[in-house]
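Working notes for the structure below.
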There are 2 protein chains.
Amino acid sequence: MPLPDRSQYIPHLAFDSVVFGFSKGKLKILLMEYHATGWLALPGGFVKPDEDLETAVKRGLHERTGLKEVYLEQFHTFGTVDRFQPDVMKTILLASGAEVPENYWMLDRFFSVGYYALLDHEKVSLTPDILSDSITWYEVDKLPSLIFDHNIIVQKALQTLRENLDRKLIGGNLLPERFTMNELQAVYEAILGEKLRRTSFQRKMLSLEILERHEKLFTGKSHKAPYLYSFKL
Amino acid sequence: MPLPDRSQYIPHLAFDSVVFGFSKGKLKILLMEYHATGWLALPGGFVKPDEDLETAVKRGLHERTGLKEVYLEQFHTFGTVDRFQPDVMKTILLASGAEVPENYWMLDRFFSVGYYALLDHEKVSLTPDILSDSITWYEVDKLPSLIFDHNIIVQKALQTLRENLDRKLIGGNLLPERFTMNELQAVYEAILGEKLRRTSFQRKMLSLEILERHEKLFTGKSHKAPYLYSFKL
DNA sequence: TTATTATTGTCTCATATCGTAACAATAGAA
DNA sequence: TTCTATTGTTACGATATGAGACAATAATAA
């Protein structure tokens, strides 16, 4: 399996995606595990010479998750010299069984543009890339050590997500079309890392006039059934 | 005057700085005017192979303003294909009187990381770069047309500045060490583009406990003299 | 059928915050 | 001494938020 040629991509420039999902009450992100080494990294990629940066990120996201439409936001570009670790990269490339040419372009110094994505955990079908033998969900607050500065990238993504949460009303992107108020609150709590008041949360969300109320959800439990909501528009 | 060699900088990657200053009640930014063409652009630059991205931006800022310490914030990275306008770049290079080699690296497609800086208008001493014959302050709300996507970059910088204004308490970076409450309010109004209530603003600022009150400022006007303030720490 | 339990939707009240206006203080001029 | 313009502070009402109370209700148990 041949490695990509220098001419196929813009050199020195990469992107890394922090893909957030929500399941079983936990906020999770996608991580790739590289062949043989067992090293973990964010799913990322490179930009083609005639491709918009954001298009490249969407392409990468589509290849890994099968999803075409996801909520996507750029949050920071990482460009310190200490990201440059050609030995690490070389080990990953060799472990994939490929032949690594002299001065191979992927061993150069890279700047990486960080994007975070929010998607419905249930809708993805995961596919590893050439260098990885798996891609899996990991709980954000139990993250293992990642290669390069990827732990820092995740922290920055999470910080930006928190700051944008209220301003951009994006919590719903992690849920299916219809959800209960309790589920929405659980998403907010997972992102913010703190418990919220049930009544205040409900009042706030309803006062924003962005939710549409639908039929009740009967779960079979012996108590009042909650309404289902969806986001307007 | 020779143009920089391909090996001196990372290819395909640039930065652009939106340098905010405040004077005579107006919010202003620095623009460079290129030789002969009269085209206007943001002050920017390239990153050296062994240089941190942020270090490069500070270096560029120091070269243009003489300032070593400025408030600096990265806000977005621009990477659409339509930024690629080699003819425009070639005209600029030729107008500077330089000889432009075949396939010169500055004519390639570039990704640009946007930073904004806040500084005390009084402290800068302006120096144009090789390609420009002037660098001057322009009022943000009376901006002329700029090359490439630089008008969009300014808008994005301003938008981010507004969003960060309260959260990061950065308004003071545009003023000298000591200032009156009125001056601070004028900065906030210029950034937000709207009038603020005098009493509410004063109450809010004082309640944040970030200001230190100093002696009064006697302007010679026939009314009560305002206190001077500085930011704590 | 009725009582019980767990959870949901709403309301109330205390508190904090903010818009608005009023008021007192004061530096210099008349 | 009075007047004018501006500043610092306080008062009051409107609005938002924290915290708790209370009614509604789906399924179960009696």
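Numbers restart at 1 for each chain; the letters A, B, ... are given by sequence-line order, proteins then strands. Below, each value reflects all heavy atoms present in this structure, side chains not excepted, and no hydrogens, waters or symmetry copies.
The listed nucleotides are D/dA5, D/dG8, D/dT25; the one nearest the side chain of B/His223 is D/dA5. Distance from the side chain of A/Phe218 is smallest for D/dA27 among the nucleotides C/dT26, D/dA27, C/dT20.
Electrostatic pairing of B/Lys195 and B/Glu189 counts as a salt bridge here, judged by a charged N lying under 4.0 Å from a carboxylate O. A salt bridge does not link B/Glu69 to B/Lys58: none of the charged nitrogens lies less than 4.0 Å from a carboxylate oxygen. With respect to the salt-bridge test (charged N to carboxylate O, under 4.0 angstrom), the residues B/Glu163 and B/Arg167 do not qualify.
Rounded to whole Å, atom P of C/dT8 lies 13 Å from atom CZ of A/Arg213. Between the C1' atom of D/dT17 and the CG atom of A/Asp166 lies a distance of 13 Å, rounded to the nearest Å. Following rounding to the nearest Å, A/Lys216 (NZ) and D/dA24 (P) show an atom-to-atom distance of 12 Å. The CG-C1' distance, from A/Leu208 to D/dA16, rounds to 12 Å in whole Å. In this structure, CE of B/Met205 is placed 11 Å from P of C/dC18, rounded to the nearest angstrom. When the C1' atom of D/dG8 is taken as reference, atom CD of B/Gln185 falls 13 Å away, rounded to whole Å. Computed from coordinates, the B/Arg203 CZ to D/dG8 C1' distance equals 13 Å when rounded to whole Å. Straight-line distance from the CZ atom of A/Phe201 to the P atom of C/dG9: 12 Å, rounded to whole Å.
Aromatic ring orientation, A/Phe20 versus A/Tyr116: perpendicular (interplanar angle above 60°, classes split at 30° and 60°).
Of all heavy-atom pairs spanning B/Glu51 and A/Val81, the tightest one is C-CG2, 3.3 Å. Taking both residues in full, the closest heavy atoms of B/Val47 and A/Arg109 are given as CG1-NH1, 4.3 Å, listed atom of the first, atom of the second, then distance. Contact detail for A/Pro128 and A/Ser132: the closest heavy-atom pair is CB-O, 3.6 Å.
Proximity of residues 169-182 of chain B to DNA chain C (heavy atom under 4.0 angstrom from any strand atom) is not detected for any residue. Heavy-atom distances under 4.0 Å link DNA chain D to A/Lys224, A/Ala225 of residues 224-233 of chain A, given in residue order.
A cation-pi geometry, defined here as NZ or CZ lying under 6.0 Å from the six-membered ring centre and within 45° of its normal, does not hold between A/Arg213 and A/Tyr229.
At a cut-off of 3.5 angstrom, counting only N and O atoms as typed in the model, there is a donor on one side and an acceptor on the other between the side-chain of A/Arg198 and the base of C/dG9.
Between C/dT7 and A/Lys221, no contact under 4.0 Å exists linking OP1 or OP2 to a side-chain N or O. Neither OP1 nor OP2 of D/dG18 sits under 4.0 Å from any side-chain N or O of A/Arg197. Close to C/dA6, at under 4.0 Å from its OP1 or OP2, lies no side-chain N or O of A/Ser222.
Between the side chains of B/Ser112 and B/Asp16, a donor-acceptor pair is found at a separation under 3.5 Å. Using a 3.5 Å distance cut-off with no hydrogens or angles, the side chains of A/Asp82 and A/Thr80 do pair a donor with an acceptor.
B/Thr199 comes within 4.0 angstrom of a nucleotide base, judged by non-hydrogen atoms across all strands.
Map A/Gly220 and B/Leu206 each onto its nearest nucleotide of DNA chain D; the residue landing nearer the 5' end is B/Leu206.
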